[in-house]
Amino acid sequence: MTQTLAAENVTLEQLILLYGLELVDSEEFFREWQDDLPELTSLKKQLLDQIKAGYLNLRNHPPLLENTVNTTVLSPLLFIGKFYLSPFHLKLEKCIEIETQDNQIIIKGRIDFLLLKSERNTFQTTSKRKEFLNPG
């Protein structure tokens, strides 16, 4: 019998066990997203440094909530990267289902932001739960 779980009740530890997720800390990971990129201007580097410093400051003063991350990190990154402009388009609040390979568990939830470009889909999710936030 298939078990359905609400995404907000699933921990990172459960996802690791169910799907075999692992941290990849390699320069070669998603190489196609790193090659042939335009050089960052000094202005963009300054803006990215400010976003990083702001995030680190916020992380030191919990709680780090979804709206705070969206406002101070995600929106500026999307703007700097010109992801609000064509050929990209943004979809909000998309429902998703993720199944285990044996179809015994289905996790239902939503993606807050879905960024689309042609055939390649890139998405970013946000979480209200601290254990899903990137510690570094």
Side-chain angles (χ1 to χ4, degrees):
M1 184 171 147
T2 301
Q3 179 183 10
T4 301
L5 304 173
E8 64 265 10
N9 297 326
V10 178
T11 66
L12 182 56
E13 182 179 358
Q14 287 174 304
L15 293 174
I16 290 169
L17 292 172
L18 288 171
Y19 298 101
L21 300 180
E22 59 186 78
L23 176 63
V24 176
D25 189 20
S26 167
E27 294 284 327
E28 298 304 312
F29 189 68
F30 279 111
R31 201 68 235 166
E32 65 272 18
W33 289 5
Q34 300 174 46
D35 293 335
D36 301 321
L37 295 177
E39 189 69 30
L40 288 176
T41 65
S42 62
L43 174 61
K44 284 187 180 180
K45 287 179 184 178
Q46 285 178 322
L47 292 171
L48 292 171
D49 286 343
Q50 287 177 1
I51 292 169
K52 181 179 179 181
Y55 168 75
L56 294 174
N57 182 55
L58 290 169
R59 191 180 69 176
N60 291 329
H61 302 281
L64 187 57
L65 301 176
E66 178 180 9
N67 285 339
T68 305
V69 173
N70 288 346
T71 302
T72 60
V73 177
L74 183 60
S75 290
L77 287 175
L78 290 172
F79 182 79
I80 290 169
K82 299 183 181 178
F83 291 112
Y84 290 125
L85 304 175
S86 182
F88 299 100
H89 57 280
L90 190 63
K91 300 282 185 180
L92 301 175
E93 303 287 332
K94 299 303 285 184
C95 293
I96 62 160
E97 290 185 10
I98 302 172
E99 293 185 35
T100 54
Q101 287 184 341
D102 62 7
N103 297 324
Q104 294 298 308
I105 298 176
I106 298 173
I107 299 173
K108 290 186 175 187
R110 64 181 172 80
I111 294 177
D112 291 343
F113 296 89
L114 181 62
L115 183 61
L116 302 165
K117 177 188 176 190
S118 305
E119 301 293 317
R120 181 177 287 169
N121 294 339
T122 304
F123 71 92
Q124 190 278 335
T125 60
T126 56
S127 172
K128 292 175 182 64
R129 297 176 56 177
K130 187 171 184 171
E131 64 262 31
F132 292 112
L133 296 175
N134 182 354

K.L.:
With the side chain counted from C-beta on, respond yes when T72 and Y55 share a heavy-atom pair under 4.5 Å apart, and no when they do not.
P.N.:
no

K.L.:
Shared ILVMFWY cluster between L17 and L12, side chains joined below 4.5 angstrom?
P.N.:
no

K.L.:
Identify whether the distance between the nearest side-chain nitrogen and carboxylate oxygen of D49 and K45 falls below 4.0 Å.
P.N.:
no

K.L.:
When hydrophobic residues are tied together by side-chain contacts of less than 4.5 Å, even through go-betweens, does V73 share a cluster with L56?
P.N.:
yes

K.L.:
Does CD belonging to Q101 count more than 12 external heavy atoms closer than 6.0 Å?
P.N.:
no

K.L.:
Donor-acceptor pair, E99 side chain versus I105 backbone, under 3.5 Å?
P.N.:
no

K.L.:
Let me check something: do L15 and I106 share a hydrophobic cluster, defined by ILVMFWY side-chain heavy atoms less than 4.5 Å apart, either directly or through other members?
P.N.:
no

K.L.:
Keeping T2 on the side-chain end and N103 on the backbone end, is there a donor-acceptor pair under 3.5 Å?
P.N.:
yes

K.L.:
Determine whether L48 and K52 make a side-chain contact, defined as any pair of heavy atoms from C-beta on separated by less than 4.5 Å.
P.N.:
no

K.L.:
Closest approach of A7 and G109, non-hydrogen atoms and distance?
P.N.:
CB-CA, 3.7 Å

K.L.:
In Å, rounded to the nearest 0.5 Å, how long is the span from OG1 of T4 to CD1 of I107?
P.N.:
10.0 Å

K.L.:
To the nearest 0.5 Å, how far apart are NZ in K44 and CD1 in I80?
P.N.:
8.0 Å

K.L.:
Might you confirm whether atom CD of E93 has over 12 heavy atoms from other residues, nucleotides or ligands at distances under 6.0 Å?
P.N.:
yes

K.L.:
For the residue pair L37 and D35, establish whether any side-chain heavy-atom pair is separated by less than 4.5 Å.
P.N.:
no

K.L.:
Quick check: closest heavy atoms across F29 and V24, and the distance to 0.1 Å?
P.N.:
CD1-CG1, 3.5 Å

K.L.:
Between F83 and F88, how do the two ring planes meet: parallel, tilted or perpendicular, split at 30° and 60°?
P.N.:
perpendicular

K.L.:
Honestly curious: do L116 and L85 fall in one hydrophobic cluster under the side-chain, below-4.5 Å linking rule?
P.N.:
no

K.L.:
Distance check, rounded to the nearest 0.5 Å: L47 atom CG versus T41 atom OG1?
P.N.:
7.5 Å

K.L.:
What's the spacing between I96 CD1 and I111 CD1 if we round to 0.5 Å?
P.N.:
4.5 Å

K.L.:
For K94 versus L114, what's the shortest heavy-atom pair and its separation?
P.N.:
CG-CD2, 4.0 Å

K.L.:
Nearest 0.5 angstrom please: K108 NZ to I98 CD1, how far?
P.N.:
12.5 Å

K.L.:
Does atom OH of Y84 have more than 12 heavy-atom neighbours, drawn from other residues, nucleotides or ligands, at distances under 6.0 Å?
P.N.:
yes

K.L.:
If you look at every heavy atom in P76 and I51, which pair is closest and at what distance?
P.N.:
CB-CD1, 3.4 Å

K.L.:
If you measure from CG on L23 to CG on D25, what distance do you get to the nearest 0.5 Å?
P.N.:
6.0 Å

K.L.:
With distance as the sole test, does S75 use its side chain to make a donor-acceptor pair with the main-chain N or O of T71 at under 3.5 Å?
P.N.:
no

